[in-house]
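These notes are about the structure you will find just below.
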2 protein chains.
Amino acid sequence: MSRRPTMHDVARIAGVSAKTVSRVVNNETPVDPLTRARVQQAIAELGFRRNEQARSLRPGQTSALIGLVTGDLGNPFYSAIARGIEDVAHRRGHLLLTTSSDERPDRERQLIDALLQHNIEGLIIVPTLGQHDYLSPAFLRGLPVVAVDRPVHTHPPLDTVLLDNRHGAALAVTSLLQAGHTRVAVIDGESAVFTGAERIAGYHDAHRQQKVTPDATLLRQGFHGETQAETAMTDLLDLPAPPTAVFATNNRIAIGALNGMHRRKHWIPLAVFDDFDLAGMLPTPVTVVAYDAVEMGRQAAELLFARLDGLSADPQVRTLPVTVHQRGPGNLAVN
Amino acid sequence: MSRRPTMHDVARIAGVSAKTVSRVVNNETPVDPLTRARVQQAIAELGFRRNEQARSLRPGQTSALIGLVTGDLGNPFYSAIARGIEDVAHRRGHLLLTTSSDERPDRERQLIDALLQHNIEGLIIVPTLGQHDYLSPAFLRGLPVVAVDRPVHTHPPLDTVLLDNRHGAALAVTSLLQAGHTRVAVIDGESAVFTGAERIAGYHDAHRQQKVTPDATLLRQGFHGETQAETAMTDLLDLPAPPTAVFATNNRIAIGALNGMHRRKHWIPLAVFDDFDLAGMLPTPVTVVAYDAVEMGRQAAELLFARLDGLSADPQVRTLPVTVHQRGPGNLAVN
DNA sequence: ATGAAAGCGCTAACAG
DNA sequence: CTGTTAGCGCTTTCAT
């Protein structure tokens, strides 16, 4: 198997110097049209492809590589973000290196290190819980970084793309309160997670605004995954005074809560931050907070490229809108 | 902002030559333990990180980069595959470049080209429909390639990881036939897609084996997305002699079919190739064919690394098992 | 309009 | 055990 052809190989075939090949490949001027044609002919003949690693080694050149760290690419929320980033990156002639931290800060740090060794031009990160001192200027050496979904506290602050968690949650819970519910339970995941905390704040905002006092015993936090959420739901339904509606702070929790209702054959209206298939087919009304995760990725990538282009001055925080929809049977009222 | 430190910078601080730094960084012998310590000290002081692009420029060195092309990273099926690949790649010290073809052959080709320019060591691809002459040895120059989910016909053939589509579909449809159904409809997507064709073959296998003659008018193909599948379902239910059960060849089609049943308030048992949330909570029994997409990715990556390690001889086709589960109300029988 | 030389950061081969 | 030299493929600078 023959060695991959270089510019020198092309140059030899075309009877020109490597520099002229370089000019043709990069559409630089001046090159005589006939020379250009000869070179292009030779390129086609050999199947030459420029070596990006060699190119980007030169000072002043860039790698055309963007790095992404999320908790788990297998999670559709994260992969939608990745897709949005990829869209913009592709349009800008960049490729995306994707990695998954498993939500572990040590692995996150290691991945960022690996990405830096590959000379990424910029980094987009859905930060794990924990300290991010390795997002400091000293560690990053001026690498532009954009945070998505969760803020990260650094000096100076980073460009950030968030959802309107608090407002979306408030809207969804308000729809329950306005239907007459006064005992709305909450099932949340890991209590230290930013998005969950914001959504719970929104729950409280709604109560305050609707002048309903929430019952603290109905607020359940720290549940990982569907199975735990299911138990939380059955526990709530087994209370002497069970809730008449429930707010799930995310998708997975909602699925667990629904499994719990199904198990107890006791259905109460559900509000949930996240949309999901078949929400409209359930035996109880579902109020969903929907958003565009792909768009989050796009916006993050656009912030990143703006900074690479030197267009950004101060770090920006963009908060993306969410929408609320009623799914399933129309009547939200208390049974 | 100071320039990123190089091995020479480290060498100067540690009072050694660049080659010695290289030896330390690569854990090569022999290096005097004291020298090694001095160098490590200097590395820490400067925050030195080896430049992977420069390293991999040397002949005999590799880029530690793997490329992936799927139809759409935002699709959870593909992103699960990506996650599986990433797992193995990370364990092997490799990073993954992910790209989405939008199922367009021209874009697929362009992405492969871009990946090759970045000197990927191997490529994993969920191939689009269409000719793949650009997966020929001439184009790839010996680059190892693994196909996932769909085979691709090249000479020589590629390593391939598939699901047991035909058998899984047969099992699911058999459960309907054994419950007494004789009019089982099929809703399928793009008819040229390999997986759909295999699953329909499984549908016919089941009928043959159960000695039931399928009604060709109940076989509907070429539907894109949920909305079209929903229409296909309502059309079927509106027939003078509607089906008593339906087989959906994938997830999205199943959601559409369920929406159709919901709209007509006419529920019939569903079999579907793919598992999904809330399948157990619907008003009709659901038979799902489940599988592990992350594992598909892992196996693909393992085939790739086996080839990079020079361990593989002939191209392999691995067919991964699927499992069938009953969800929802227990009774599959004809209404 | 084109080419020669130098060097990006790293490591293989060879000296010492 | 350590250092020197050379060169991977490309592009910048400066000649021609």
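Letters go in sequence order (proteins before strands), and every chain restarts at 1. Computed over heavy atoms, backbone and side chain alike; hydrogens, waters and symmetry mates excluded.
- Spacing between atom CE of B:M7 and atom P of D:dC8 amounts to 19 Å, rounded to whole angstrom units.
- Atom NE2 of A:H8 has 12 or fewer neighbouring heavy atoms from other residues, nucleotides or ligands inside a 6.0 Å radius.
- With respect to A:E302 and A:R91, a salt bridge is recorded, a charged nitrogen being found less than 4.0 Å from a carboxylate O.
- For A:S17, counting side-chain heavy atoms from C-beta on, the closest listed nucleotide (D:dC10, C:dC10, C:dA4) is C:dA4.
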Below 3.5 Å is the cut-off: list the nitrogen or oxygen pairs between protein and nucleotides 12-16 of chain C, distance only.
{"residue": "C:dA12", "atom": "OP1", "partner": "B:Q61", "partner atom": "NE2", "Å": "2.8"}
{"residue": "C:dA12", "atom": "N7", "partner": "B:K19", "partner atom": "NZ", "Å": "3.4"}

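- Open room surrounds CD on A:Q131; 12 or fewer heavy atoms of other groups in view lie less than 6.0 Å from it.
- Picking from D:dG3, D:dC10, C:dT2 the nucleotide with the shortest atom distance to the side chain of B:V16 gives D:dG3.
- Distance NE2 (B:H8) to P (C:dC8): 9 Å, rounded to an integer number of Å.
- One finds no side-chain N or O of A:T20 lying less than 4.0 angstrom from the OP1 or OP2 phosphate oxygen of C:dT2.
- Here B:D9 pairs with B:R12 in a salt bridge; the nearest charged N to carboxylate O distance falls below 4.0 Å.
- Ion pairing between B:E190 and B:R150 fails under the 4.0 Å rule for side-chain N and carboxylate O.
- In this structure, of C:dT2, D:dC10, D:dT2, it is D:dC10 that holds the atom nearest to the side chain of A:F48.
- Note: CZ (A:R55) to P (C:dG9) measures 15 Å, nearest angstrom.
- Projected onto DNA chain C by closest heavy-atom contact, A:A18 and B:P5 fall at different nucleotides, the more 5' of which corresponds to A:A18.
- Under the side-chain contact (heavy atoms from CB on, under 4.5 Å) criterion, B:S101 pairs with B:V69, B:E108, B:L111, B:T128, sequence neighbours left out.
- Residue B:T35 places none of its side-chain N or O atoms closer than 4.0 Å to OP1 or OP2 of D:dC1.
- Across the protein-nucleic acid pair, A:Q53 atom CD and D:dC8 atom C1' stand 11 Å apart, rounded to whole Å.
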